[in-house]
Structures are given as C-alpha cells and as structure tokens.
Amino acid sequence: MINYIDFWRHGRAVECTGLENQQGCKPFRGSNPLASAMSNPRVRFAPSPTGYLHIGGARTALFNWLFAKQNNGKFLLRIEDTDLERSKEKYVNQITDALKWLGLNWDEDIILQSKNNSRHQEMVSRMLKDGTAYKCFLQKDELDKLRRESEKKKEVFRVPRTYRDLPVEKEKELIKKGKSFTIRIKVPDGETEFNDLVYGSIKVQNKDLDDFIIARSDGSPTYNFVVAVDDADMKITHVVRGDDHLANTPKQILVYRALGLDEPIFAHLPMILGSDKKRLSKRHAATNVQEYKEKGFTPKVILNYLSLLGWNPDSDQEIFNENDLVKSFQFQQVQKKSAVFDEKKLLWISQQHLSEMNVRDLMNEIYVLSPGWGDGLEWDYLKEVVKLIKDRCKTIKEVATMSELFFTDKIDYDPDLLSKTFNSESIAIIKDFHTALNTVEDWSRVELENIFENIMEQHEVVIGKVMKPIRVALSGIPFGPGIFDLILLLGKDVCLRRLRHTLLEIE
RNA sequence: GGCCCGUUCGUCUAGUGGUUAGGACUCAUGGUUUUCAUCCAUGCAACAGGGGUUCGAUCCCCCUACGGGCUGCCA
C-alpha cells in the first residue's frame, strides 16, 4: 500500500511505504539548493507585537543582523500579528523604534503576517488537494477526554488518526451534518532530522509528533504552518531564532516538505535568563530595551553586551563596535546553554565605551537621552563639564545627572553629608577660603594652589581636610573631578555664592 | 508522562585524553591618584553526581540528578 504519493517533492516522486529504509524519504542533502544562498543570505526577525522589544528579542535581532551584514545578505522584519487579541499597533511602533534606536535597520518593507492570510489559505487548500493534509472531525471536548484518559492510564497520548483516510463521501456527509473540523497534516512515517548551526544534528521520530493542526475549525492557520509558508515566501535562507523553537522545527520542516518548499538552514540561540536563572520575563528587573535607553546605555553598549551573551569571539576581546562584531561573529561560537543577564558586566562595558567616546559624541548621546540638557548654556562650557566628569561615569545618565551641579544655581545639600563633613574646624576653613577667594586677583590654578597651601599652614592640617569640605560646599557631593578643575570651571562668583549658601545651611 | 536540548568559579566564558583548569565581570586587600573614578598588583572562587572505556578522564560512552523548551483549535 502506498501512503500519499509524492509527499516529498524533490523533483522525483518517492513512494514511502513506511516499511522501506528511510533514506528514500529523506530530502535533498548534499544537493541543497540553498548552498548557493550562503553568499547572499536572507534572514528575518519575527516578533509578535504583544509587548515591547525585550532584551532577548534584541539579541535575536542582533545575531540575525550580524549574520546578514557579514555575508552581504538581507535582514528582514516580519511582524507576527495574527493573534488579533493580543497584537497591538502601538507595540509594532515600539518594536520598530527600539530596533531603529539600536541601529538594527532592516532591509525591504516590513511584512505583516496578517496580510498573508489568503496566501496561507491557499497553501492549506493545496495540502488538502495534494493529500498531505486532511480534515479532522475530532471535537475539542473529545480530544480533551481522550487526553485525560491516557493520562489516567499513564499512557502517552497521541491524537488518533481516525479521519486521516476518510472516504470523500463520508467526509461530505459529516460536513452536511454540520460537524466542524480542523485540518491536520499527515505526518509521514520515519524520522525528521536537521542540522542546526548551533545545536548540530537534531533528530526526532515522526511517531512522536502528532498529526498537528495546520488550520483551526474557524479556518485560520496555525503558527507552525504559517511560519514555514511565510519564511519560504520571503525566501528566507537562514532561520535564526530563540531555542524555544527548537522543538517546533521538525514540524515546520514537515510543512516545507509537504508543500515542496525549499528548507532553510536553522540556527537556534540559547535563551537569556534573569539573575534567578529563570527565563527572562516581565517579572524581572528590566527586560525592555527602552528601559536600558532610559538608564543611559547607548545602543553600542547594549549591542556589545548582548553579543557576548551566548557567544564568544574566540579571543580575549570584550569591547566591540558593530564592525568588529560583524567581522567576528560565528554561529560555531554560539553557546548551547542559556546565559544569565548580568547588569554589573553591562555597566562595565558601558564604562569602557564611555572612556573611549569623544566628548562630542557623548554630548550627542546626552541630548538623545534628555533633550533639554544644559539649556541656555554655551556649548564650550558644556563641553568642559563633560570632559571633566566623563571618566567618572558609567552611563550617559550618570554624566547627565552629575553635570547638573554645573548648571543649577542652588544645590540641594544632603543634611547627613553636611553634618558629617562640617565641624568647627571645617567651617573655619570654609570661611577662610571664602575670604581668600573673594580677594584673589589672578583666577588661576597656581593661585588656587597657593590659597590651599596657606590654609593648610594656618590650620595645620593635611590637604584632605581642606579639600573635602570645600568640595562638598561647591558640589554637594563628596567625590568628583579634581578640586582645582572644579573651582576653575565653576567660576569665582558661583564658588563664592555656594560657599555662603553652605554656611547658611549649616548655621 | 513522552520527546528534544543543556550542565566548567556567584556571573559571562576559554580549554585539553596527562594543564598549577586560563581570561573577564563582581567581591576583598594593597599601591598610584588632592577626593572619587580610572589604572596597577594580589587574593577568593568552578569541571553536577555515579558508573564505565583508558596507564590516565573536566574532556569519550552510559545512567542519574537538576534546569530549560516542546507536547494547545497560543505565537
């Protein structure tokens, strides 16, 4: 007996009896028509617009993008918006905004999956016509019951193939009676194997797969069907996605084969976990790419850190720009195990980037983060401010925040800090310093150093005792740029005013 | 339950049939620095467990445990 002939369409009809060896049923191997596509791969990122772009999605997008850039290919974006309930247009915008901000620009127009509906229907019909799929009249409650029963008996539940080879007349009869049906794929005997670029060879026995549904009773096609059709239509050569899809892949391959479509190459990426080793979810501290923007991380920093999660460059290099990444990226170096997201390391990467960033670029990043930053102040002054504090900051946000002390007229002193810093001795020092500053003629570093030395002598103290109270009085914080730089940049008037202000606060 | 995948310092990772199991982040200590940060030095810290194979296993094989994914008329 011949099972549905020509199920696999590989230029030749193959008869699978289920008894012969599996080789005959296996698809092309060495003659993979996609081999030539290596030079111009087409990859895609396919998020569902049911939420913001999270950090795991960003990494998936990044690896796709890197691979495309590296091989002179195309990086495409497909929005999987077929879940009408949960899909929202605002999320589409959030996702595209986040991708743009990261610099992961896509080629060609965005594909909305929902727009492909008629194409999906067409393909479902084709499978029905070809006999690679069938109408299944099992009702949901029947299935639920069967499932419960096998669970009770501790048996493995399998969807019964009751309607798989139903004569046409009987089918018509059932439809006439108003019985609803789903459409299931006829999973062939044998096994399905594929070679994942990250995980290597993956093999499953087809008997472990049910005749899964490709179209629901309302006619809408299901994910594992649609994704295969869309990827094929988009001529995707490499499917790069999270490893939560690893187990779905054989099903999708079955769809490709049933439809005679070219199979892509697959590469599955390990998951990103939270610090509790649980899959990164909304429950975790920050998973939204947007949040990292707000925290003051630049796109380059995010990309750099994300690339190191689950991938290693086969060298000691840890700081990368996009070009380095494009050059070094390799699926062979992608880890199989999931990785924990570590914000400490992110901060370190960020700091490394900041220290290498020139002041101008840094200022532009600050403007992206907070457009009103330094309003009304001169560019040159702002530049000096940034130059002075950038080496002490880990994020753009920190630079923006710390720079405030150069902008505001009035500093909000922390009472605890004041009481810790000031006693009768330091108050006297502040007063003396105020007097000296007031009368100084030459506003220079040398002159300031002289003043400091005089005070140290007068009060018989080390420089720390002079510097600390002055620093707190001038900046409101117990650390920061060199004291003379601070004074010189703030200017005489501001310094005098802040010294007086401090004295008022503590007295 | 079944199937698939995984398991090296707290974290990201390198590594090999014989290594003092390497690096980075974090943390601790010391040094440099007018403070802080940087920087430098030092230190703490890992092969999940059990069986094999082997002269010898972190590395190869098997089992167990643990973790994750899939198993849906979600995507």
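Residue numbering restarts at 1 for every chain, and letters A, B, ... go by the order of the sequence lines.
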**Message:** What contact category does A:I483 fall into here, base, sugar-phosphate, or nothing, at under 4.0 angstrom with non-hydrogen atoms?
**Reply:** base
**Request:** Hunt down the Watson-Crick or G-U wobble partner of B:rA41, both distances under 3.5 Å, from any strand shown, or write none.
**Result:** B:rU29
**Asked** Any idea which of B:rU71, B:rC73, B:rU34 is nearest the A:R216 side chain?
**Response** B:rC73
**Message:** When the C1' atoms of B:rU34 and B:rU19 are compared, how many Å lie between them, rounded to an integer?
**Reply:** 47 Å
**Request:** Using atom CG of A:L347 as one end and atom P of B:rU26 as the other, report the distance to the nearest whole Å.
**Result:** 9 Å
**Nearest-nucleotide 5' precedence on RNA chain B, A:R59 against A:D83** = A:R59
**Asked** What interatomic distance, in whole Å, is found between P of B:rU8 and the corresponding atom of B:rG49?
**Response** 11 Å
**Request:** For A:E85, report the nucleic acid contact type (base, sugar-phosphate, nothing); a contact means any heavy atom under 4.0 Å.
**Result:** nothing
**Request:** Tell whether A:S217 reaches the base of B:rC73 with its side chain through a donor-acceptor pair below 3.5 angstrom.
**Result:** yes
**Prompt:** Which listed nucleotide (B:rC5, B:rA37, B:rU13) is nearest to the side chain of A:I202?
**Reply:** B:rC5
**Request:** Please state whether the phosphate of B:rG69, meaning OP1 or OP2, lies under 4.0 angstrom from any side-chain nitrogen or oxygen of A:R279.
**Result:** yes
**Item:** Inter-nucleotide P distance (B:rA37, B:rC61), Å rounded
**Value:** 49 Å
**Message:** Considering every strand and a 4.0 Å limit on heavy-atom distances, what is the contact class for A:H268: base, sugar-phosphate, or nothing?
**Reply:** nothing
**Item:** B:rU11 and B:rG68, which share atom name P, separated by this distance in whole Å
**Value:** 15 Å
**Request:** Counting heavy atoms from C-beta on, name the nucleotide in B:rC5, B:rU35, B:rC12 closest to the side chain of A:L246.
**Result:** B:rC5
**Request:** Would you classify A:M467 as touching base, sugar-phosphate or nothing, given that sugar-phosphate means primed atoms plus P, OP1 and OP2, and contacts are heavy atoms under 4.0 Å?
**Result:** base
**Message:** Of the listed nucleotides (B:rC74, B:rC73, B:rC3), which one gets closest to any side-chain atom of A:V204?
**Reply:** B:rC3
**Request:** Apply side chain to side chain donor-acceptor pair (under 3.5 Å) to the pair A:N224 and A:T222, showing each step before the final yes or no.
**Result:** CA-CA 6 Å; A:N224 283 125; A:T222 58; over 6 Å; no
**Request:** Figure out the CZ/C1' separation between A:R78 and B:rA75, and round it to whole Å.
**Result:** 11 Å
**Message:** For a quick check of understanding: with a heavy-atom distance under 4.0 Å over all strands, which category does A:P270 fall into, base, sugar-phosphate or nothing?
**Reply:** nothing
**Request:** Would you mind telling me which of B:rG69, B:rC36, B:rA75 lies closest to the side-chain atoms of A:H245?
**Result:** B:rA75
**Asked** Of all the choices, B:rC73, B:rA37, B:rG23, which nucleotide is nearest to the side chain of A:R392 once you look at every atom?
**Response** B:rA37
**Request:** Take atom C1' in B:rC47 and the same atom in B:rG17, then report the distance between them in whole Å.
**Result:** 15 Å
**Request:** Go through the side-chain N and O atoms of A:Y134 and A:D211 and say whether any donor and acceptor fall under 3.5 Å apart.
**Result:** yes
**Prompt:** Do the side chain of A:R147 and the base of B:rU71 come within less than 3.5 angstrom through a donor-acceptor pair of N or O atoms?
**Reply:** no
**Request:** Take the protein atom NZ of A:K154 and the nucleotide atom P of B:rU71, then report the distance between them rounded to whole Å.
**Result:** 23 Å
**Prompt:** Considering Watson-Crick and G-U wobble pairs with both distances under 3.5 Å, what does B:rG67 pair with?
**Reply:** B:rC5
**Request:** Indicate whether any N or O donor in one side chain lies under 3.5 Å from an N or O acceptor in the other, for A:R241 and A:T249.
**Result:** yes
**Message:** Just so I know, are the side chains of A:F266 and A:L246 near enough to count as touching, which here means a heavy-atom distance under 4.5 Å?
**Reply:** no
**Message:** Distance check needed: B:rG72 C1' versus A:D211 CG, whole Å only.
**Reply:** 15 Å
**Message:** Heavy atoms only, 4.0 Å cut-off, all strands: where does A:G242 land among base, sugar-phosphate and nothing?
**Reply:** nothing
**Item:** Sole residue of A:T60, A:D244, A:D196 in side-chain hydrogen bond (donor to acceptor under 3.5 Å, both in side chains) with A:H268
**Value:** A:D196
**Sugar-phosphate only, base, or nothing, as touched by A:Y223 at under 4.0 Å among non-hydrogen atoms** = base
**Item:** Nucleotide nearest A:K277 (side chain, heavy atoms from C-beta), chosen from B:rU13, B:rU11, B:rU34
**Value:** B:rU11
**Request:** Provide the distance between the two C1' atoms, one in B:rU58 and one in B:rU53, to the nearest whole Å.
**Result:** 16 Å
**Base-pairing assignment for B:rC74 (Watson-Crick or G-U wobble, both under 3.5 Å)** = none
**Asked** At under 4.0 Å between heavy atoms, what does A:L84 touch on the DNA or RNA strands: base, sugar-phosphate, or nothing?
**Response** nothing
**Message:** Under 3.5 Å for both donor-acceptor distances, Watson-Crick or wobble: does B:rA57 have a partner, and if so which one?
**Reply:** none
**Asked** Looking at the side chain of A:K337, which of B:rU13, B:rA75, B:rC73 is the nearest nucleotide?
**Response** B:rU13
**Request:** For side chain to side chain donor-acceptor pair (under 3.5 Å), just list the numbers for A:S426 and A:N423, CA-CA rounded to whole Å, side-chain angles, deciding distance to a tenth of an Å, and then say yes or no.
**Result:** CA-CA 5 Å; A:S426 47; A:N423 52 34; 3.0 Å; yes
**Prompt:** Hey, does the Lys NZ or Arg CZ of A:K135 hover above the aromatic six-ring of A:F181, less than 6.0 Å from the centre and inside 45° of the axis?
**Reply:** yes
**Item:** Residue A:D208, side-chain heavy atoms: nucleotide from B:rC3, B:rA75, B:rU34 that is nearest
**Value:** B:rC3
**Message:** Strictly by Watson-Crick or wobble contacts shorter than 3.5 Å, is anything paired with B:rC36, and which nucleotide is it?
**Reply:** none
**Between B:rA37 (C1') and A:L354 (CG): distance, integer Å** = 12 Å
**Request:** Let me know, please, whether A:L308 or A:T82 comes out on the 5' side of the other along RNA chain B by nearest nucleotide.
**Result:** A:L308
**Message:** Taking the C1' atom in each of B:rU32 and B:rC59, what is the distance between them to the nearest angstrom?
**Reply:** 43 Å
**Request:** Counting heavy atoms from C-beta on, name the nucleotide in B:rG10, B:rU35, B:rC4 closest to the side chain of A:D342.
**Result:** B:rG10
**C1' gap between B:rC9 and B:rG52, integer Å** = 28 Å
**Request:** Verify whether the ring centers belonging to A:F331 and A:F63 lie closer than 6.0 Å.
**Result:** no
**Asked** Does A:F341 have its ring centroid less than 6.0 Å away from the ring centroid of A:Y292?
**Response** yes
**Prompt:** Under 4.0 Å between a side-chain N/O of A:K140 and OP1 or OP2 of B:rG72, yes or no?
**Reply:** no
